[in-house]
Number of protein chains: 2
Amino acid sequence: MAATIFDVAQHAGVSIGTVSRVFNNRDRVHPETRERVLRAIRELNYQPNALARGLASQQTDTLGLVIPQVNDPFFFEIVRGVEDAASAAGYNLLIASQPRQPGEHSYLRLFHRGHVDAMVLVAIDVLAHEVQAIIDRGVPIVLVQQDVGRNIPTFLADNYYGARTLIEHLVDVHGYRRVAFISGTDYTPDSRERLRGLRDVLAERGLDLPAAYITHGDYLRGSGYRAMQKLLDLPARPEAVFAANDQMAADAIIAAQARGLSVPDDVAVVGFDDVPMASYVSPPLTTVSQPVYELGWQAARLALEASREDAGARPITPRMVQLPTTLVVRRSCGCAG
Amino acid sequence: MAATIFDVAQHAGVSIGTVSRVFNNRDRVHPETRERVLRAIRELNYQPNALARGLASQQTDTLGLVIPQVNDPFFFEIVRGVEDAASAAGYNLLIASQPRQPGEHSYLRLFHRGHVDAMVLVAIDVLAHEVQAIIDRGVPIVLVQQDVGRNIPTFLADNYYGARTLIEHLVDVHGYRRVAFISGTDYTPDSRERLRGLRDVLAERGLDLPAAYITHGDYLRGSGYRAMQKLLDLPARPEAVFAANDQMAADAIIAAQARGLSVPDDVAVVGFDDVPMASYVSPPLTTVSQPVYELGWQAARLALEASREDAGARPITPRMVQLPTTLVVRRSCGCAG
DNA sequence: TGATACGATAAAAGCGTTTACAGCGCCGCA
DNA sequence: TGCGGCGCTGTAAACGCTTTTATCGTATCA
C-alpha cells in the first residue's frame, strides 16, 4: 500500500503530528526537524490520503459540477473553464449529470454525502429552496445559465443585450421587417431573454411579431429543421429567422436549402453561441459569441472563494454577474464575406 | 450539520452497527428492527458520509477520468459515455485534465491520494511502467485511444480498417490516384494507424505515396488550413486529401475554396471521426464514424468491473478491444448528394 | 537558584463509517 | 436440566488524517 503518515513519522523519527504540521505548513517546526520530515516525505513518495484528510478537516478540496445530460459543445467548454479554475486552486472536480428522471436531483446527493466543498450548477433545473438550504449549511452554490432568484449567485451571458445587438443588425442594417424566432427549452432563462431582446427591438421600431413567428425548438439537432419548415409554410414568409442557438440555426439553413431557397438571399438565418460549427456551415453563421469558458471559470472561482471565506467575514458576493456577448457577423445575415 | 449514523441509531434505538447493516443489506437483521431503522433513515434524511465510508471500507465508489486539455467534441462524447457507465453503476466521476507541463501526471496524484477505485485514461501520454505499477497495486486502469502495450487494457476504434475503407472508396470508386495525408499528433496511435491504412491501400494497388504528400497537423483548428496550403502548392497537386480528423478536413476545405478551387471537383477532401460539424460543412464531409460514446462506456465498464472482482479469481480481461468504424459517405469525396 | 514562560514536539481525541468479534437470549436436543 | 448452536445486536477497533491538549526541555528573570 501507499505510505501513510505513520510511515513517514517513523522514517523521520518524529510523531505523526509533526509530519502533519510540516506538510501543511502549520505552526512552527524546528528547521532541522522540518528538513528531516521533508526528506522522509520525498523518500517514501508520501501523499496524504484524501479521504482521511477530508474526514478529519471537514473539507474535501473537491468542487462539484452538475451539467445536463446533453451533448452540446457549449457545456464542454464550461467544463473546461471550471476544471481549469478548480485545478489552479488545487481542487478536484467531481462531475455529475442531471439524471434523466426529473424527480431526482443529483446535486443533492453530492451535498448530502459530503463529497464537495462547493458546487457549480450549469443550466440545471433546480429547486430554489433546496439550493438555498444547502448554501445556508455552508456549501456555496453558484448557478450558470440559470437564475432562480433568492440571492443565489448566478453567472449568465448577457442574453438580452446579445439578442438586441443581433436583431438591431438585422433590422437596422439589412432592413428586414419580418423576423421570426425558433426558441430553445424554457426552464433556463436564456431562450426567454433572447426572445425578449427580439421582441423589444421590433416593438421599438413599430414592427410586428405575430404569434405564428414564434416556433418552438429544444436546442437539439433536428428541432431547428422542423421549426423552419413551419415558418416557411407560413403565408407571409419571414425575411429573417433568429434561432436561439447555432445548432438550430444550422438546421434551419439546411431546411431552407432543401426547399431550394437561398440563405441569405431568400431568407436570412442567424444563431446564438458561436460554437465551432458556426463558421463552417454554408453560408457561415452570423451569431452572438458568449464567453462560455470564462463563464465556467468565473463561476468556479466564486464558488471556491466562498467556500474558503466561509468562517471569516465575507465580502458581499455578487448576486448576479452578466458577462458581455459579442456580435459575430458572417454571411448568413446577408452581409458580404 | 447532516445527520450521522449516530443520530439514526439513537433515533431508532439501536446501535450504529445495526444501522450500518441495514443500510448496506449486510448480515441479517430482524425485520422489525430493520423497519425501525429504515424509518429513522427516512425521517432524518440520512445519507452516509462518503469520505468516512471510503476510509473505512477502502473503496471510494469513484471512477477517475483523465482527458487531454483540448477542446474537442470528441472528448466530450467520451466523457458522456464514461459518466453514464459510472452513474449506472452507482459510481461518482472525478475528472482531471492532463496538465500542460509534460512532466506532471495528474493520474498519478489521483491514485496516490486514494481518490479513486479505477481509472480511465483517454488519449493521455502515459508512462507504461507507472500505469503498470498502479494496476499491480489494485487500481485498474483502462486506456482509450492510446496503446502502450504491456498488458494494459486498451479501447480503440479500428482506425486502420476505418482508414482502409475510406481510402478504398477514394481509389476504387472514384479512381483517385494521388492521395495526400494531413496527420494528427503522434503520441497516440490513431493518426499513425490511419496513415498506415492509407499507405497499405495505395501500396496494394501499386500507387505512390510521395513524402511530400504527408503533411503534419495537430488535430486542432487552423493546422488543417496550413497543411492544405502546402499540399496545394505542390507541382503535382493531389486529387484527394485525407485529413486525420474532421476539424482539419473542414479547414482543408476552406483552404481549397479560398484559392478558388472546388471541393470535390478540383480536389476531394475526407476526414475522420464524424463529429457533428461534419454534416454541416459545405460540401458535407465524407468521413469515418467512430463509436465514441460506446468507447467511453465500455472502457468505464471494464474498469469498474475489474475493480470489483479484485479479490476473486477474475476472468481474463481483454488486452485490447477494437470497436468497429463505419464509412459515412457524403459529398466531399465526389459522391452525389 | 527556583519559579516562569515559551518553543518544540509528543500524545490523544476526534472525524463517520465498516467490520470483526463478543455477547445474549432462546430453541432444540441429549 | 444443561448445553451447543443460532439468530440477532451491541461493542470496539480500525481506516489515515487534523487539531487540541499535554509534556518536556531550556532560556529568562527576579
Side-chain angles (χ1 to χ4, degrees), chain A residues 1-38 40-41 44-62 92 111-117 138 308 311, chain B residues 1-38 40-41 44-62 92 111-117 137-138 311:
Chain A
M1 268 282 78
T4 73
I5 200 172
F6 284 92
D7 302 327
V8 176
Q10 192 171 2
H11 198 263
V14 298
S15 77
I16 62 167
T18 300
V19 176
S20 175
R21 275 184 291 264
V22 170
F23 202 95
N24 300 303
N25 274 320
R26 197 177 296 287
D27 304 331
R28 30 200 322 165
V29 176
H30 194 93
E32 200 175 289
T33 314
R34 167 184 304 276
E35 206 36 66
R36 269 215 322 284
V37 173
L38 286 176
I41 287 174
L44 299 179
N45 190 21
Y46 168 72
Q47 300 265 56
N49 179 290
L51 301 183
R53 200 178 214 191
L55 189 57
S57 66
Q58 299 291 65
Q59 79 163 46
T60 61
D61 288 353
T62 299
N92 291 105
F111 159 69
H112 270 123
R113 307 211 155 179
H115 270 298
V116 299
D117 292 345
R308 277 190 287 212
Chain B
M1 268 285 77
T4 74
I5 201 172
F6 285 93
D7 302 326
V8 176
Q10 192 171 1
H11 197 262
V14 298
S15 75
I16 60 166
T18 301
V19 175
S20 176
R21 275 184 291 263
V22 170
F23 202 96
N24 299 302
N25 274 320
R26 194 179 298 288
D27 305 331
R28 28 203 324 164
V29 176
H30 193 91
E32 200 175 289
T33 314
R34 167 183 304 276
E35 205 38 65
R36 271 215 323 283
V37 172
L38 286 176
I41 287 174
L44 299 180
N45 191 20
Y46 168 71
Q47 300 264 54
N49 180 290
L51 302 183
R53 201 177 213 192
L55 188 57
S57 66
Q58 299 290 66
Q59 79 163 52
T60 60
D61 288 352
T62 298
N92 291 106
F111 160 69
H112 271 123
R113 307 211 156 181
H115 271 297
V116 299
D117 293 345
R137 298 236 227 139

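Naming convention: chains lettered A, B, ... in sequence-line order (proteins, then strands); numbering from 1 in each chain.
- Put simply, B/T33 has a side-chain N or O that comes within less than 4.0 Å of OP1 or OP2 on D/dT9.
- Remark: side-chain polar atoms of B/D117 are paired, donor with acceptor, to backbone N or O of B/D61 under 3.5 angstrom.
- Atom pair B/R36:CZ and D/dT9:C1' shows a separation of 11 Å (rounding to whole Å applied).
- When each of B/V29 and B/L55 is assigned the nucleotide of DNA chain D with its nearest heavy atom, B/V29 is the one assigned upstream, toward the 5' end.
- Residue B/S20 places none of its side-chain N or O atoms closer than 4.0 Å to OP1 or OP2 of C/dT19.
- Across the protein-nucleic acid pair, B/Q10 atom CD and D/dT9 atom P stand 18 Å apart, rounded to whole Å.
- The side chain of B/R28 approaches D/dC8 more closely than any other nucleotide in the set D/dT18, D/dC8, C/dT18.
- No hydrogens or angles were tested; on distance alone, a donor-acceptor pair under 3.5 Å links the side chain of A/R21 to the base of C/dA10.
- B/D27 comes within contact range of no nucleotide atom at all, as no heavy-atom separation falls under 4.0 Å.
- Listed nucleotides: C/dT18, D/dT18, C/dG16. Nearest to the side chain of A/A56: D/dT18.
- Atoms CG (A/D7) and C1' (D/dC17) sit 13 Å apart, rounded to a whole Å.
- B/Y46 comes within 4.0 angstrom of sugar-phosphate atoms only, judged by non-hydrogen atoms across all strands, and of no base.
- Whole-Å rounding puts the B/F6 CZ to C/dC15 P distance at 8 Å.
- One distance of note links OG1 of A/T33 with CZ of A/R28; it measures 12.5 Å at 0.5 Å rounding.
- B/I5 has its CD1 atom 8 Å from the C1' atom of C/dT18, to the nearest Å.
- Listed nucleotides C/dA10, C/dT19, C/dT9 differ in distance to A/V14; the shortest reach to its side chain belongs to C/dA10.
- Between B/N49 and C/dC15, a side-chain N or O to OP1/OP2 separation shorter than 4.0 Å is absent.
- The side chain of A/S15 places an N or O atom within less than 4.0 Å of a non-bridging phosphate oxygen (OP1 or OP2) of C/dA10.
- Residue B/Q58 has a polar side-chain atom (N or O) positioned under 4.0 Å from OP1 or OP2 of D/dG16.
- Looking at the side chain of A/T18, the nearest of the listed nucleotides C/dT19, C/dT9, D/dC17 is C/dT9.
- Side-chain atoms of A/R21 and A/T18 form a donor-acceptor pair, as typed in the model, at a separation below 3.5 Å.
- To the nearest 0.5 angstrom, B/Y46 atom OH is 9.5 Å from B/D7 atom CG.
- Across C/dT9, C/dT17, D/dC8, the shortest atom-to-atom separation from the side chain of A/H30 is found for C/dT9.
- Here the nucleotide nearest the side chain of B/T4, chosen from D/dC17, C/dT17, D/dT18, is C/dT17.
- In this structure, B/L51 atom CG and C/dG14 atom C1' are separated by 15 Å, rounded to whole Å.
- Residue A/R113 contributes atom CZ, which lies 10 Å from atom P of C/dT17 at whole-angstrom precision.
- With a 4.5 Å cut-off on side-chain heavy atoms, A/F23 and A/I41 count as touching.
- The phosphate of D/dT19 (OP1 or OP2) has a side-chain N or O of A/R26 nearer than 4.0 angstrom.
- Atom NE2 in B/H112 sits about 17 Å away from atom C1' in D/dC17, given to the nearest Å.
- Taking both residues in full, the closest heavy atoms of B/N49 and A/G114 are given as ND2-CA, 4.5 Å, listed atom of the first, atom of the second, then distance.
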